[in-house]
*Asks:* 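Provided herewith is a single structure, encoded as structure tokens, for subsequent inquiry.
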Amino acid sequence: MAKGISSRADNYAQWYVDIVKKAGLADHSAVRGCMVIKPHGFAIWEKMQAQLDRMFKETGHVNAYFPLFIPKSFLSREAEHVEGFAKECAVVTHYRLKQNDDGTGLIVDPEAKLEEELIVRPTSETIIWNTYKDWIKSYRDLPLLVNQWANVVRWEMRTRLFLRTAEFLWQEGHTAHSSKQEAIEEALQMQEIYATFAEEYMAMPVIRGRKTTSERFAGAVDTYTIEAMMQDGKALQAGTSHFLGQNFAKAFDVKYLNEENREEYVWATSWGVSTRLVGGLIMTHSDDDGLVVPPKLAPTQVVIVPIPKPNPEIMEVAERIAAELKGKGISVKIDHDPKKRPGYKFAEYELQGIPVRIGIGKRDLEKGQIEIARRDTKEKTMVDLGQEANYISALLDTIQQDLFAKALAFQRARTNRADTWEDFTRLLDEGFVSAHWDGTSETEAQIKAKTKATIRCIPNDQEAEKGTCILSGAPSTGRVLFARAY
RNA sequence: CGGGGCGUAGCGCAGUCCGGUUAGCGCACCUGCUUUGGGAGCAGGGGGCCGCAGGUUCGAAUCCUGCCGCCCCGACCA
């Protein structure tokens, strides 16, 4: 175990906090519930952003930016939406401070009360649909495919670094369509993009599915989700995509003239992923020695450590290898620090999760070799000089694939079927449980009250299978996925 | 927001019950020497509004009140 990191077995929650802090990803801030994302953590988020942004644009979306503040009256326009978010909104009531009369500090100037309070956006549907009303007049304006990268605020009672903070960074896509079918296809397409991103870039296997009524987004007709399993067997909702029907179009009166010159309401979707993904990434791959980052998202993919310390002969080889790797599009850092010892550096770079480490030592060079170590397995291999570029290029791919395969094997091993209540409660301690449910919110709520588990989703690939509800015994036509969740 | 725990140097902690010199220890940091292939050794050195604000007292890290923050467990959520 690395210095100062709790083990997953002893205290999973503390292990997570230790990784975030020791790997330099984020810190708690002076503001309740808000974190400071440090350069290393932000670099990972930037890698995620860059790839997601590419995927959004490849599917025809464009970026825009809407205000941080939302007039209070906007929020109440859509009944379910307001109910879902009202409890966790930060509200701006004044626009000025002034010196206290006794000169002891600043107070809110009572003279500067806003006519209408402003909500700090918890999500942007309302301000965006209020804007779309002006943008959309004709079927020729559709589909409207807009995304924004932004921060949002949700006043959470209990926060955890990356997983749930009062302010977080995310992207939110908001699209408008002329047909119901097209909007549903858009929502499903975005779910698939999220799933592809999670699996191919984060190496985090996910279950694609649909939310039950009680779990879906406030104001949505349907919420599609990707659910990932963390190393403690708990589920993490990693991304959601919503089919909003005509709810927001009606609330904000967004109509267009179709080809027959008739007015119709548009159909809508919204979809988002957040900095929570960084938390998911950590809890999918990291170990008791520190962070493990898949190569495709690692800010630095390879680190070169001179052994025992930098000298001209070693550094010349290091520079040559670094240039060669950079030429292949691989990001490389050379360690120039003459004071720290190799053992210290090895531990430090393992903590930071750099996927591949090259050790260049005097004795190795005499044999025309260098040592290449992979972070995920700690395996070390001696490689002949000249072979390193091809070797590392292939190794990065291998690590990426192995991380996914390992996570997938874990997820499968800890996903079980249950047909009796006894098995159900026992298997929930393992991870995901696939079981029959009678389809009612009442039963869902009772199961949650008894076990703390929720229905994570009705899987997209749910098989038709007759059975009886795990709790009520009422008939069911297919299994749904239960788990305790973050 | 309820219950429990914690807050003392960058990090991890002792000291608090039972008030009393200059607040300690390990790691990290600085200097020097010796080392150097998995978190080096010795010697010397620097660093503290003891979470914050009040109060009690001749005297407070220690006692009292209030507040803030973190962690764990619950209720809510991406």
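When reading the values below, keep in mind they use all heavy atoms of this one structure, side chains included, and skip hydrogens, waters and symmetry mates. Chain naming here is simple, since letters A, B, ... match the order of the sequence lines and numbering starts at 1 in each.
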*Asks:* Tell me which of A/Ala485 and A/Lys21 sits closer to the 5' end of RNA chain B, going by the nucleotide each one is nearest to.
*Replies:* A/Lys21
*Asks:* What is the ring orientation for A/His242 with A/Phe217, classed by angle as parallel under 30°, tilted 30 to 60°, or perpendicular over 60°?
*Replies:* parallel
*Asks:* Can you find an N or O donor on one side and an acceptor on the other, under 3.5 Å apart, linking the side chain of A/Arg164 with the base of B/rC77?
*Replies:* yes
*Asks:* What integer distance in Å separates A/Lys87:NZ from B/rC76:C1'?
*Replies:* 7 Å
*Asks:* Side chain of A/Glu350, base of B/rG38: donor and acceptor closer than 3.5 Å?
*Replies:* yes
*Asks:* In the strands shown, is B/rU31 matched to any nucleotide by a Watson-Crick or G-U wobble pair with both distances under 3.5 Å, and which?
*Replies:* B/rA43
*Asks:* In this structure, how many angstroms lie between the P atom of B/rC11 and the NZ atom of A/Lys22, rounded?
*Replies:* 9 Å
*Asks:* Rounded to whole Å, how long is the line connecting atom CD1 of A/Ile314 with atom C1' of B/rG37?
*Replies:* 10 Å
*Asks:* Report yes or no: is the cationic atom of A/Arg164 (NZ for Lys, CZ for Arg) closer than 6.0 Å to the six-membered ring centre of A/Tyr486, at no more than 45° off its axis?
*Replies:* no
*Asks:* Report yes if the distance between the aromatic ring centroids of A/Phe162 and A/Trp45 is under 6.0 Å, otherwise no.
*Replies:* no
*Asks:* Expressed in whole Å, how much space separates the C1' atoms belonging to B/rA53 and B/rA61?
*Replies:* 16 Å
*Asks:* Students often get this wrong, so: under 4.0 angstrom with heavy atoms, is A/Leu163 touching a base, only sugar-phosphate, or nothing?
*Replies:* base
*Asks:* Between C1' on B/rG69 and CG on A/Asp27, what's the gap in Å once rounded to a whole number?
*Replies:* 14 Å
*Asks:* Parallel under 30°, tilted from 30 to 60°, perpendicular over 60°: which one fits the rings of A/Phe243 and A/Trp267?
*Replies:* parallel
*Asks:* Would A/Asp364 and A/Met382 count as a side chain to side chain contact (heavy atoms under 4.5 Å, CB included) here? Give the steps.
*Replies:* CA-CA 8 Å; A/Asp364 301 338; A/Met382 299 307 295; 3.6 Å; yes
*Asks:* With both distances under 3.5 angstrom, what nucleotide forms a Watson-Crick or G-U wobble pair with B/rG19?
*Replies:* none
*Asks:* Considering only the P atoms, how many Å lie between B/rG45 and B/rU36, rounded to the nearest integer?
*Replies:* 28 Å
*Asks:* What is the distance from CZ of A/Arg484 to P of B/rC73, rounded to the nearest Å?
*Replies:* 12 Å
*Asks:* Of all the choices, B/rC72, B/rG39, B/rC76, which nucleotide is nearest to the side chain of A/Arg158 once you look at every atom?
*Replies:* B/rC72
*Asks:* If you find the nucleotide of RNA chain B closest to A/Ala13 and the one closest to A/Arg456, which residue's nucleotide is nearer the 5' end?
*Replies:* A/Ala13
*Asks:* Pick the P atom in B/rC67 and in B/rC30, then give their distance to the nearest Å.
*Replies:* 43 Å
*Asks:* Under 4.0 Å between any heavy atoms, over every strand shown, what does A/Thr240 touch: base, sugar-phosphate, or nothing? Just pick one.
*Replies:* nothing
*Asks:* Using the P atom on both, measure B/rC11 against B/rC29 and round to a whole Å.
*Replies:* 15 Å
*Asks:* Any base atoms under 4.0 Å from A/Gly33, or only sugar-phosphate, or nothing? Heavy atoms, all strands.
*Replies:* sugar-phosphate
*Asks:* Rounded to whole Å, how long is the line connecting atom OH of A/Tyr349 with atom C1' of B/rG38?
*Replies:* 14 Å
*Asks:* Tabulate atom names and distances for all N/O pairs under 3.5 angstrom spanning the protein and nucleotides 29-36 of chain B.
*Replies:*
unit_1, atom_1, unit_2, atom_2, d
B/rU35, O2, A/Arg341, NH1, 3.0
B/rU36, N3, A/Lys309, NZ, 3.4
B/rU36, O4, A/Lys309, NZ, 2.8

*Asks:* Heavy-atom distance under 4.5 Å between the side chains of A/Thr398 and A/Arg374, does that happen here?
*Replies:* yes
*Asks:* At 4.0 Å (heavy atoms only), tell me whether A/Gln171 reaches a base, stays on the sugar-phosphate, or touches nothing.
*Replies:* nothing
*Asks:* In whole Å, what separates the P atom of B/rG5 from that of B/rC42?
*Replies:* 40 Å
*Asks:* Please list residues of residues 189-208 of chain A whose heavy atoms come under 4.0 Å from any atom in RNA chain B, ordered by number; otherwise none.
*Replies:* none
*Asks:* Suppose you measure atom C1' in B/rU22 against the same atom in B/rA40; what distance do you get, rounded to whole Å?
*Replies:* 33 Å
*Asks:* Let's test this: given Watson-Crick or G-U wobble pairing with both distances under 3.5 Å, identify the partner of B/rC25.
*Replies:* B/rG12
*Asks:* Return yes if a side-chain donor-acceptor contact under 3.5 Å exists between A/Glu80 and A/Asn247, otherwise no.
*Replies:* no
*Asks:* For the pair A/Tyr132 and A/Trp129, name the ring-plane relationship: parallel under 30°, tilted 30 to 60°, perpendicular over 60°.
*Replies:* perpendicular
*Asks:* Does the side chain of A/Thr175 come under 3.5 Å of the side chain of A/Thr269 through a donor N or O and an acceptor N or O?
*Replies:* yes
*Asks:* Name the nucleic acid region contacted by A/Thr454, choosing base, sugar-phosphate or nothing; use a 4.0 angstrom heavy-atom cut-off, strictly under.
*Replies:* nothing
*Asks:* In whole angstrom, give the distance that lies between atom CG of A/Leu351 and atom C1' of B/rG38.
*Replies:* 15 Å
*Asks:* Should the pair A/Phe252 and A/Phe248 be assigned to parallel (<30°), tilted (30 to 60°) or perpendicular (>60°) ring geometry?
*Replies:* parallel
*Asks:* Under a plain distance cut-off of 3.5 Å, with no hydrogens placed, do A/Gln237 and A/Lys211 share a side-chain donor-acceptor pair?
*Replies:* yes
*Asks:* Just how far, in rounded Å, is C1' of B/rC76 from OH of A/Tyr486?
*Replies:* 17 Å
*Asks:* Applying the Watson-Crick and G-U wobble criteria at under 3.5 Å, what pairs with B/rG2? Answer none if nothing qualifies.
*Replies:* B/rC73
*Asks:* Using a strict heavy-atom distance below 4.0 Å, which residues from residues 352-385 of chain A are in contact with RNA chain B?
*Replies:* A/Arg357, A/Gly361, A/Lys362, A/Arg363, A/Asp364, A/Lys380
*Asks:* Got a second to check how far A/Tyr349's OH is from A/Ile304's CD1, nearest 0.5 Å?
*Replies:* 10.5 Å
*Asks:* When you compare the side chains of A/Thr59 and A/Gln189, does any donor N or O come within less than 3.5 Å of an acceptor on the partner?
*Replies:* no
*Asks:* What verdict does the side-chain hydrogen bond (donor to acceptor under 3.5 Å, both in side chains) test give for A/Thr123 and A/Arg121, after you've listed the backbone C-alpha separation in whole Å, the side-chain angles of each residue and the deciding distance to 0.1 Å?
*Replies:* CA-CA 5 Å; A/Thr123 179; A/Arg121 63 180 166 217; over 6 Å; no
*Asks:* Determine the Euclidean distance between corresponding C1' atoms of B/rG20 and B/rU57; express it in Å to zero decimal places.
*Replies:* 12 Å
*Asks:* Could you check whether any side-chain N or O of A/Arg357 sits under 3.5 Å from a backbone N or O of A/Ala373, counting only pairs where one atom can act as donor and the other as acceptor?
*Replies:* no
*Asks:* Determine the interatomic distance between P on B/rG46 and the same-named atom on B/rG7; round to the nearest Å.
*Replies:* 28 Å
*Asks:* Using both distances under 3.5 Å as the test, list the Watson-Crick or G-U wobble partner of B/rG37, or none.
*Replies:* none
*Asks:* Within the structure shown, what part of the strands sits under 4.0 Å from A/Phe217 by heavy-atom distance: base, sugar-phosphate, or nothing?
*Replies:* nothing
